[in-house]
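These notes concern the structure reproduced below.
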Amino acid sequence: MKINAPRGTNDILPPLSLKWQYIEEKARDLMARYNYQEIRTPIFEYTELFQRGIGETTDVVEKEMYTFTDKSGRSITLRPEGTAGIVRAYLENKLYGQMQPLKLYYIGPMFRYERPQAGRFRQFHQFGVEVFGSNDPALDAEVIVLGVNYLKELGLENLDIYINSIGCPDCRKEYFKDLQEYFNQYRQELCEDCQSRIDRNPMRVLDCKVDNSKEIISNAPSILDYLCADCQEHFARVKDYLSVLGLDYTIDARMVRGLDYYTNTVFEIKYSGLGAQDTILAGGRYNGLAEEIGGKSIPGIGFAAGMERLLLTLEKEKVDLPESSELDIYLVTIGEEARKEAIKLLYQLRNKGYRVETDYLERGMKSQLKAADRLMVKYAIILGDDELAQGKAIIKNMQTGEQEEIALEKILEEDFRKE
RNA sequence: GUGGGUGUAGCUCAGCUGGCUAGAGCGCAGGAUUGUGGCUCCUGAGGCCGUGGGUUCAAGUCCCAUCACCCACCCCA
């Protein structure tokens, strides 16, 4: 019986893996310029971490986690997102003892048990950043701009940036009350899910796709009218900094995030044309999270970008990405004696830093040159028993077709990278 | 979890209302004066027609089930 990869997972094969490497390198390069350092945390954590961090009533925790019991009887969960684990690591390793703010990034797989569809998989990859130890609005702006710049540097232009502030627990207390009161008046007109959302987390109703177009929602009280003085000022300053940077954004007062830990600034970057899953990068501030999972009160902010969605977008926008790895030389050999000499040459050339390939199927010269052509090498070095007898080899320029003889001992002095 | 669509060579697909040794293009391998690629031409390999049942003289083609993939809902990156 044939075994397939589990549902919702993907093999990342060459040459696609080259594109992955490329977007990861871009991320690392950007991170260096903004002074973010990489952190690698476990792929699985104790289930409790996500329950407390992400929120018991979120869909992610309620029905999308890969949870199992290990041999000691503890409940383990494959991480569905990156932030909770990193906050845990920050607290556990007492990183607040280091110079603050601490700016971290990560790239790796996440797991959610969901029905796969366009831009959504059960194992997917995120590139994300987290900044701890500062509530400076300038950092909110930096993180947003960072996300935007990453996408821009990859060559994406048609992005929609949405921001909002969902305040702190203090401002939300009154807002929740009023919002519940408001929605309760129209309870019967809302969808079933929303009716239960009213009691559990009324802000979710605002985000409901089913009731989205209804007036009830557009006329609902706005969080922005409830922000306390501090939160108002924080949001105002974030917007100021974004304006200074010349960033175009839309304020969406109805934008809430599906993870409970967000406070104050939240944002999303979307690309229309991706299908239903059009958010490629999103994040926000989470000043209460560290405390929520049992640590000190530490402000934090971050974002995560979905790599699969990013690649999909780059594809749709027809952005040029590396298609194949470039080889410098293909070593063509004819005859057993020449082969022996060529094997030696092969390693010498590689040690000098050239990208070199040769034939391992005992093919004729014709086929070997064909292979060289398909590998798009710049040069072929032809070494047959005849040449060997004369202490020579042939260097063939595959672009021009020109070829010349060269003494064997001179080969390593040649520059095969020249145009 | 719910709905719709699709499943035929490595890839993209064609196979009308059930009937012959299941096809094409691309790709792959080999060849076209015996040591020279890209173009062209020739030849070849490769398919239990997703899987399991059923209807029928006969099923890739109809029915049922199952699995997978795609898309959407939901949710999120």
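We name chains A, B, ... by the order of the sequence lines, and we start the count at 1 in each one.
Look at CG on Asp11(A): it is 16 Å from C1' on C11(B), rounded to the nearest Å. We find that NZ of Lys370(A) is positioned 11 Å from P of A32(B), with the value rounded to whole Å. Per the geometry, CD belonging to Glu405(A) stands 15 Å off P belonging to U36(B), to the nearest Å. Here A77(B) presents its P atom at 13 Å from OH of Tyr286(A), a figure rounded to the nearest Å. Per the geometry, CD belonging to Gln368(A) stands 12 Å off P belonging to G31(B), to the nearest Å. What separates CG of Leu146(A) from P of A77(B) is a distance of 17 Å, to the nearest Å. Across the protein-nucleic acid pair, Arg112(A) atom CZ and C76(B) atom P stand 8 Å apart, rounded to whole Å.
Thr58(A) comes within 4.0 angstrom of nothing in the nucleic acid, heavy atoms only. Ala372(A) comes within contact range of no nucleotide atom at all, as no heavy-atom separation falls under 4.0 Å. Heavy atoms of Ile334(A) sit under 4.0 angstrom from at least one base atom. Nucleic acid contact for Glu402(A): none, since no nucleic acid atom lies under 4.0 Å from a heavy atom of the residue. In this structure, Gln277(A) reaches the bases: a heavy-atom distance under 4.0 Å links it to at least one base atom across the strands shown. At the heavy-atom level, Gly364(A) lies nowhere under 4.0 Å from the strands shown. Nucleic acid contact class of Ile382(A) (heavy atoms, under 4.0 Å, all strands): base. Arg363(A) comes within 4.0 angstrom of the backbone, heavy atoms only, and of no base. Counting non-hydrogen atoms under 4.0 angstrom, Gly401(A) reaches a base of the nucleic acid.
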Nucleotides 43-46 of chain B: which of its N/O atoms have a protein N/O under 3.5 Å away?
none

What nitrogen or oxygen pairs link the protein and nucleotides 50-52 of chain B at under 3.5 Å?
none

What nitrogen or oxygen pairs link the protein and nucleotides 66-68 of chain B at under 3.5 Å?
none

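Across all strands shown, G54(B) is found opposite C62(B) as a Watson-Crick or G-U wobble partner, with both distances under 3.5 Å. Figure legend. A77(B) is base-paired to no nucleotide; pairs are counted as Watson-Crick or G-U wobble with both atom distances under 3.5 Å. With both pairing distances under 3.5 Å, A72(B) is matched to U2(B) as a Watson-Crick or G-U wobble pair. The base-pairing partner of G7(B), taking Watson-Crick or G-U wobble contacts with both distances under 3.5 Å, is C67(B). The partner of U36(B) is absent, by the rule that a Watson-Crick or G-U pair needs both atom distances under 3.5 Å. In this structure G27(B) sits in no base pair that meets the Watson-Crick or G-U test at under 3.5 Å. Shown here, U17(B) forms no base pair; nothing in the strands shown gives a Watson-Crick or G-U wobble contact with both key distances under 3.5 Å.
The existence of a salt bridge linking Lys392(A) and Glu387(A) is excluded, since no basic side-chain nitrogen approaches an acidic carboxylate oxygen closer than 4.0 Å. Arg40(A) has a carboxylate O that lies under 4.0 Å from a charged side-chain N of Glu38(A), or vice versa, which qualifies the two as a salt bridge. Under a 4.0 Å N-O distance rule, the pair Glu268(A)/Arg257(A) qualifies as a salt bridge. Between Arg363(A) and Asp359(A) a salt bridge is recorded (basic side-chain N to carboxylate O distance below 4.0 Å). For Glu404(A) and Lys396(A), the salt-bridge test fails: no basic side-chain N is under 4.0 Å from an acidic carboxylate O.
Crowding of Arg187(A) atom CZ: a count of heavy atoms from other residues, nucleotides or ligands under 6.0 Å exceeding 12.
With Lys103(A) as the fixed residue, the side-chain hydrogen bond (donor to acceptor under 3.5 Å, both in side chains) test singles out one of Gln37(A), Glu142(A), Glu130(A): Glu142(A). Of the residues listed (Glu81(A), Arg52(A), Arg285(A)), the one engaging Tyr261(A) in a side-chain hydrogen bond (donor to acceptor under 3.5 Å, both in side chains) is Glu81(A), and it is the only one. When the options Ile144(A), Val129(A), Ile269(A) are evaluated for a side chain to side chain contact (heavy atoms under 4.5 Å, CB included) with Phe303(A), the one that passes is Val129(A). When each of Ile411(A), Leu408(A), Leu346(A) is paired with Leu383(A), the side chain to side chain contact (heavy atoms under 4.5 Å, CB included) condition holds for Leu408(A) and for no other.
A77(B) and A68(B) have their C1' atoms separated by 25 Å, with the value rounded to a whole Å. Distance noted for atom C1' between U8(B) and G46(B): 14 Å (whole Å). Atom P of U34(B) sits at a distance of 15 Å from the matching atom of G30(B), rounded to the whole Å. Comparing the C1' positions of G7(B) and U51(B) gives an interatomic distance of 11 Å, to the nearest angstrom. Only the P atoms considered, G47(B) is 32 Å distant from G5(B), to the nearest whole Å. When the C1' atom is used for both G15(B) and G60(B), the distance is 8 Å, rounded to whole Å. The same atom, C1', is picked in G27(B) and in G44(B); the two are 14 Å apart, to the nearest Å. Taking atom C1' in both G38(B) and A22(B), one finds a spacing of 34 Å when rounded to whole Å.
Both Met398(A) and Asn10(A) lie near RNA chain B, and the one whose nearest nucleotide falls closer to the 5' end is Met398(A). Both Ala276(A) and Pro116(A) lie near RNA chain B, and the one whose nearest nucleotide falls closer to the 5' end is Pro116(A).
For the pair Lys366(A) and G37(B), the criterion of a side-chain N or O lying under 4.0 Å from OP1 or OP2 is met. Residue Ser367(A) has no polar side-chain atom (N or O) positioned under 4.0 Å from OP1 or OP2 of A29(B).
The nucleotide whose nearest atom lies closest to any side-chain atom of Phe121(A) is, among A72(B), C70(B), U36(B), C70(B). Distances were taken from every side-chain heavy atom of Phe124(A) (C-beta onward) to each of C74(B), G37(B), A77(B); the shortest belongs to A77(B). Checking C73(B), C76(B), U36(B) against every side-chain atom of Arg120(A), the shortest atom distance belongs to C73(B).
Residue side chain Gln403(A) reaches the base of U36(B) through a donor-acceptor N/O pair under 3.5 Å, judged by distance alone. For Arg115(A) against C71(B), a side-chain-to-base donor-acceptor contact under 3.5 Å is absent. At a cut-off of 3.5 angstrom, counting only N and O atoms as typed in the model, there is a donor on one side and an acceptor on the other between the side-chain of Gln117(A) and the base of C74(B).
Proximity of the aromatic rings of Tyr379(A) and Phe416(A) is defined here by a centroid distance below 6.0 angstrom, and this criterion is met. Proximity of the aromatic rings of Tyr36(A) and Tyr105(A) is defined here by a centroid distance below 6.0 angstrom, and this criterion is not met.
Annotation: cation-pi pair Arg339(A)/Tyr360(A) present, NZ/CZ under 6.0 Å from the ring centroid and within 45° of its normal. Geometrically, Arg74(A) engages Tyr46(A) in a cation-pi contact, judged by NZ or CZ lying under 6.0 Å from the ring centre and within 45° of the ring axis. Because its NZ or CZ atom is both nearer than 6.0 Å to the ring centre of Tyr162(A) and within 45° of the ring axis, Lys270(A) counts as a cation-pi partner of that residue. Cation-pi check for Arg350(A) over Tyr347(A) is met; the charged atom lies under 6.0 angstrom from the ring centroid and within 45 degrees of its normal.
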